[in-house]
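Proteins come first, then strands; the chains are lettered A, B, ... in the order of their sequence lines, and each starts at number 1. Values reported hereafter were calculated over all heavy atoms of this structure, with side chains retained and with hydrogens, waters and symmetry mates removed.
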Number of protein chains: 2
Amino acid sequence: MADIARLAGVSTSTVSRALSHSPLVNQETRDRILDLARSLNYTINIGAQNLRLQQNRTVAVVIPIEQATRQQLSDPFFLSMLGSLADALSAQGFDILVSRVDADEVDAAAAPFDGGRAIGVILIGQGRHHDQLNKMAARGVPFVVWGAQLPQQLYTTVGGDNVTGGRLATERLLAQGRRRIAFFGDTSLPEVEQRYRGYVEALAAHGLSPDPQLHVASSFLPESGGQAVAELARRGVAYDALFASSDLLAMKSIHAMREQGKDIPADVAVVGYDDIELSSYFHPPLTTVAQPRDVAARALVDALLVLVDGRSAPSVQLPTELIVRASA
Amino acid sequence: MADIARLAGVSTSTVSRALSHSPLVNQETRDRILDLARSLNYTINIGAQNLRLQQNRTVAVVIPIEQATRQQLSDPFFLSMLGSLADALSAQGFDILVSRVDADEVDAAAAPFDGGRAIGVILIGQGRHHDQLNKMAARGVPFVVWGAQLPQQLYTTVGGDNVTGGRLATERLLAQGRRRIAFFGDTSLPEVEQRYRGYVEALAAHGLSPDPQLHVASSFLPESGGQAVAELARRGVAYDALFASSDLLAMKSIHAMREQGKDIPADVAVVGYDDIELSSYFHPPLTTVAQPRDVAARALVDALLVLVDGRSAPSVQLPTELIVRASA
DNA sequence: CTGAAAGCGCTAACAC
DNA sequence: GTGTTAGCGCTTTCAG
């Protein structure tokens with residue numbers, strides 16, 4: 001900026017004003033300065049500007065990962081949520097700082113805020129440490145999380161209606177005459193737990209009670225699907241349907257079942273969760289519960305901005321929809 | 001920091017030194033200050049620190065998208081590359097600023113650097129505007145791109161060996177006795193063009209010349225696979241194999257062909273490209289060309305750091321590998 | 001319409 | 001071992 005000032009024969013104040021299109025500065029001077037800036041590929045140093053203005057147009061997007069299992073950022077659902085968030089945030093002129101934290105230390109997600117790097121944090125996924133998030137909220141970190149709404153929650157969540165989602169999925173399978181419905185999913189995660197609740201509700205509505213033998217607490221590991229299918233085989237339990245807590249898990253499980261010679265959906269009908277893009281191209285095309293990613297992303301951003309504004313933002317539960325395809 | 005200084009009864013200099021674990025400051029004072037900082041959830045304001053230190057630990061990761069088609073950030077390959085980059089950059093202590101630019105204005109990728117937000121830029125995908133990238137390089141923007149190496153290139157690329165990849169894929173199909181091999185891909189993209197070259201080379205080695213009727217310049221649109229398959233049908237061309245320039249495209253195409261009653265691989269053998277995670281779970285499991293994402297991510301980061309250091313970084317071409325599965 | 005000066009939060013000589 | 005001071009790049013009163 002000093003360079004430009006010198007070249008234009010004005011002070012840095014004038015350059016600053018010109019660059020911010022202040023009407024105070026002479027039209028001609030302004031044009032000269034803007035031209036100069038353009039030709040030098042000059043851009044305002046945002047760090048310094050932020051410092052001076054005490055403002056910030058950066059939002060941190062944080063993804064909790066299972067450190068223990070060294071899981072890669074790989075579930076297409078999370079990734080596409082990131083894409084939708086990128087859209088929503090860019091549209092509002094925010095920069096996006098992406099980071100990952102250990103799912104067992106989600107409170108580390110506050111770092112970009114504490115360090116003044118971001119005005120707030122969006123967490124894609126809630127992990128199992130509700131208490132850590134509550135503490136973060138208590139000490140005033142503005143953040144919202146994509147996840148389930150829990151009792152005594154001090155923070156704002158945006159999430160799908162997991163109970164209904166689980167119920168819809170299970171009802172679909174029941175409607176097809178299936179009675180031995182396996183459930184794959186780690187119920188220590190609140191979202192999965194709620195989907196499981198929907199599953200139990202649907203069973204109950206048909207006078208059935210869940211068979212614990214049919215529940216495999218498969219985690220989000222690379223090999224999870226295969227392992228879960230193998231586990232059922234080891235237990236020697238019969239099943240004619242599967243409700244998997246994510247599409248990725250459903251696809252891996254279908255692959256494993258196919259290797260056991262099972263036909264999908266004839267032998268085992270399958271419903272997944274998330275409606276990732278590839279679900280419709282999978283074979284058989286996957287029946288699944290759709291979560292509205294774009295709406296969710298906008299809701300997350302809106303809620304965060306409300307929080308940053310010092311107001312309180314209510315949690316949002318978005319409707320889920322059963323997408324019926326060939327797998328069930 | 002001033003608050004802590006006051007509470008600790010010292011000057012901000014001492015606080016600054018204590019926080020950076022300087023041995024200059026008295027052990028006892030230091031512990032008192034660190035405790036205080038912890039209890040206040042204080043973290044250094046990195047913006048201010050960067051300003052003062054004239055340093056920066058942020059790298060911009062930029063993804064070119066086809067604005068015209070409003071394409072979402074959806075190809076799992078790009079997303080998982082982002083994941084690998086996040087790993088590689090975090091490991092080196094860098095923050096990641098993610099943004100998307102219009103593929104027709106890739107030079108906008110320089111913005112985070114120009115604005116002092118990032119020390120350099122990693123572009124995931126090269127787009128079709130080689131010239132814009134060359135100009136960016138010429139004016140000293142430190143950046144590396146995941147993409148193809150081109151003649152007269154002033155910038156650094158890291159990419160797979162696309163020609164070999166294309167050759168391997170095509171050879172596999174030829175080895176299975178296929179002779180009418182369709183190629184789906186937008187050859188205006190350098191990487192795809194090179195894969196096409198490998199395809200042509202492999203054909204030539206078998207005394208075949210490429211039939212232009214078999215080439216569909218399908219873009220990376222959501223519906224691309226279906227459209228490409230429909231286009232072949234419209235042209236009335238017979239084919240017994242398909243080489244798709246991405247796994248996503250391959251999967252969509254397989255889905256479309258299956259709807260036409262074709263059996264994969266009996267009627268049409270298919271090879272994809274990228275080896276995304278779901279390829280092995282697809283039905284049939286996809287034969288594809290693997291690109292080493294983790295190695296690539298590390299190479300991209302390493303090259304960028306060399307550039308930031310003011311040295312010049314050679315382009316890197318990583319080996320590709322044919323992963324044989326059931327689809328071909 | 002423009003410039004001088006102060007200060008955002010931080011660090012590093014330099015002094016003591 | 002600690003404090004004083006200046007300054008990173010920017011904006012904005014306040015004076016002209």
With a cut-off of 6.0 Å (strictly less than), are more than 12 heavy atoms of other residues, nucleotides or ligands near CD of Q152(A)? no
Comparing T14(A) and L51(A) on DNA chain C - which has the more 5′ nearest nucleotide: T14(A)
Roughly, in whole Å, what's the span from CD1 in I4(A) to P in dG9(D)? 13 Å
Does a nitrogen or oxygen in the side chain of S13(A) sit under 4.0 Å from OP1 or OP2 of dG3(C)? no
When rounded to whole Å, the CZ to C1' distance for the pair R32(A) and dC1(C) reads 13 Å
Think S16(A) has a side-chain N or O under 4.0 angstrom from the OP1 or OP2 of dG9(D)? no
Salt bridge or not between D107(B) and K135(B)? Use side-chain N to carboxylate O under 4.0 Å. no
Grab the CD1-P distance between I44(B) and dC8(C) for me, whole Å please. 18 Å
Sorted by position of nearest nucleotide on DNA chain D, 5' first, the leading residue of P23(B) and A48(B) is P23(B)
Can you tell me if the side-chain N/O atoms of Q54(B) get under 4.0 Å from OP1 or OP2 in dT11(C)? no
Would you kindly compare Y42(A) and R30(B) by the position of their nearest DNA chain D nucleotide and give the one closer to the 5′ end? R30(B)
dT11(D) OP1/OP2 closer than 4.0 Å to side-chain N/O of Q49(A): yes
Counting side-chain heavy atoms from CB outward, which of dT2(C), dG3(D), dT11(D) is closest to L24(A)? dT2(C)
Does the distance from a Lys or Arg side-chain N to an Asp or Glu carboxylate O, for D114(A) and R139(A), drop under 4.0 Å? yes
Whole angstrom value for the distance that separates P of dT2(D) from CD of Q27(B): 11 Å
So D31(A) and Q27(A), side-chain hydrogen bond (donor to acceptor under 3.5 Å, both in side chains) or not? Walk me through it. CA-CA 6 Å; D31(A) 290 348; Q27(A) 174 78 48; 3.3 Å; yes
Is the closest basic N to carboxylate O distance between R128(B) and D186(B) below 4.0 Å? yes
Taken to the nearest whole Å, CZ/R52(B) to C1'/dG7(D) is 6 Å
Length of the line joining L53(B):CG and dG9(D):C1', which is rounded to integer Å: 14 Å
Take atom CZ of R17(A) and atom P of dT12(D), then tell me their distance rounded to the nearest Å. 10 Å
Contact under 4.0 Å: T29(A) side-chain N or O vs dT2(C) OP1/OP2: yes
Specify the separation, in whole Å, of atom CD of Q55(A) and atom C1' of dT12(D). 14 Å
